[in-house]
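For reference, the structure is listed below as structure tokens.
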Amino acid sequence: MQLRFHSKLKIIIPFLILILVLVLITSQSKQNIPQTNETPPLKNPTPDSIQILGVEEANTQIAAESKEKKPISFETQALYRLINSYRTENDLNKLFVDRTLEDSANRKLSDMITKEYFRHADSNNNESWYLFQAAGYQYKFAGENLSFGNNTPWQVFEAWQKSPEHNAQLLKSEYLDMGLAVNCDAYKVGTTHSCIVVLHIGAR
């Protein structure tokens with residue numbers, strides 16, 4: 001009887017050991033399985049400061065396009081001074097700035113912009129003298145200088161000085177008054193805005 005028990009025990013013990021080993025293996029594998037309510041770690045976590053290529057460049061371009069171009073700053077008084085200095089150097093009287101001639105110059109400037117021409121005669125081929133009278137300047141002598149594509153007072157003055165006809169107007173001894181009109185927004189040379197300048201000079 002005792003022998004049977006020992007022989008059965010010898011058979012059961014290996015099974016018990018095998019079961020124990022299986023239990024230990026199962027328990028160990030469960031510990032290695034992540035819990036379902038936890039987020040698995042990322043293999044390549046996103047850095048705190050990420051740069052998306054192209055976005056910054058696009059924003060810079062949009063900002064540049066939306067930024068308004070600075071208007072041309074044309075100092076009319078500087079051109080008045082250049083004309084009078086030039087006349088003084090040539091022993092001529094200085095010209096007075098006449099508001100009526102500024103008005104007639106503005107009338108000519110507006111007409112050229114509205115009707116899209118650039119010359120002394122208007123779109124009906126009339127010379128500018130009627131604009132002097134329309135502004136209220138009853139002249140004995142009258143002259144007109146035009147400029148386009150020169151964006152500083154010095155550039156305008158230099159262009160007139162180099163032109164025999166325009167230079168003669170600047171140095172005519174009979175003149176007593178002058179008036180300027182300038183627009184630097186209406187027309188472009190290529191893609192760049194350019195100034196149109198009208199000078200009316202005369203004597204009553």
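Sequential numbering from 1 along the given sequence is applied to the chain's residues.
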Of Leu109, Asn150, Leu146, which meets side-chain contact (heavy atoms from CB on, under 4.5 Å) against Ile196? Leu109

Distance, nearest 0.5 Å, that separates CG of Asn151 from NE2 of His193: 10.5 Å

Using the side chain to side chain contact (heavy atoms under 4.5 Å, CB included) criterion, which residues pair with [X]? Sequence neighbours excluded.
{"X": "Thr152", "value": "Trp154, Gln155"}
{"X": "Leu199", "value": "Ile83, Asn145, Trp160, Leu170, Met178, Leu180, Ile201"}
{"X": "Thr100", "value": "Asp98, Ala135, Tyr137, Arg204"}
{"X": "Ala203", "value": "Phe141, Leu176"}

For Lys140, all residues meeting salt bridge (charged side-chain N to carboxylate O under 4.0 Å, His left out), sequence neighbours excluded: none

Identify, with sequence neighbours excluded, every residue that meets salt bridge (charged side-chain N to carboxylate O under 4.0 Å, His left out) alongside Arg87. none

Nearest non-hydrogen partners of His120 and Glu144, listed with the distance: ND1-OE1, 2.7 Å

Which hydrophobic side chains are connected to Tyr130, either touching it within the sub-4.5 Å cutoff or through other members that do? Leu131

Check side chain to side chain donor-acceptor pair (under 3.5 Å) between Gln169 and all other residues, then give those that pass, not counting sequence neighbours. Tyr175

Results of side chain to side chain donor-acceptor pair (under 3.5 Å) for Asn106 - residues two or more places apart only: none

Disulfide bond (SG atoms under 2.5 Å apart) pairs touching residues 77-141, sequence neighbours excluded, are none

For Tyr139, what residues pass the ring pair (Phe, Tyr, Trp, His ring centres under 6.0 Å) criterion, not counting sequence neighbours? Phe132

Would you list the pairs meeting ring-ring contact (aromatic ring centres under 6.0 Å, His included) in which at least one residue belongs to residues 81-100, sequence neighbours left out? Tyr86-Phe157

Side chains of Asp122 and Ser128, donor plus acceptor under 3.5 Å: no

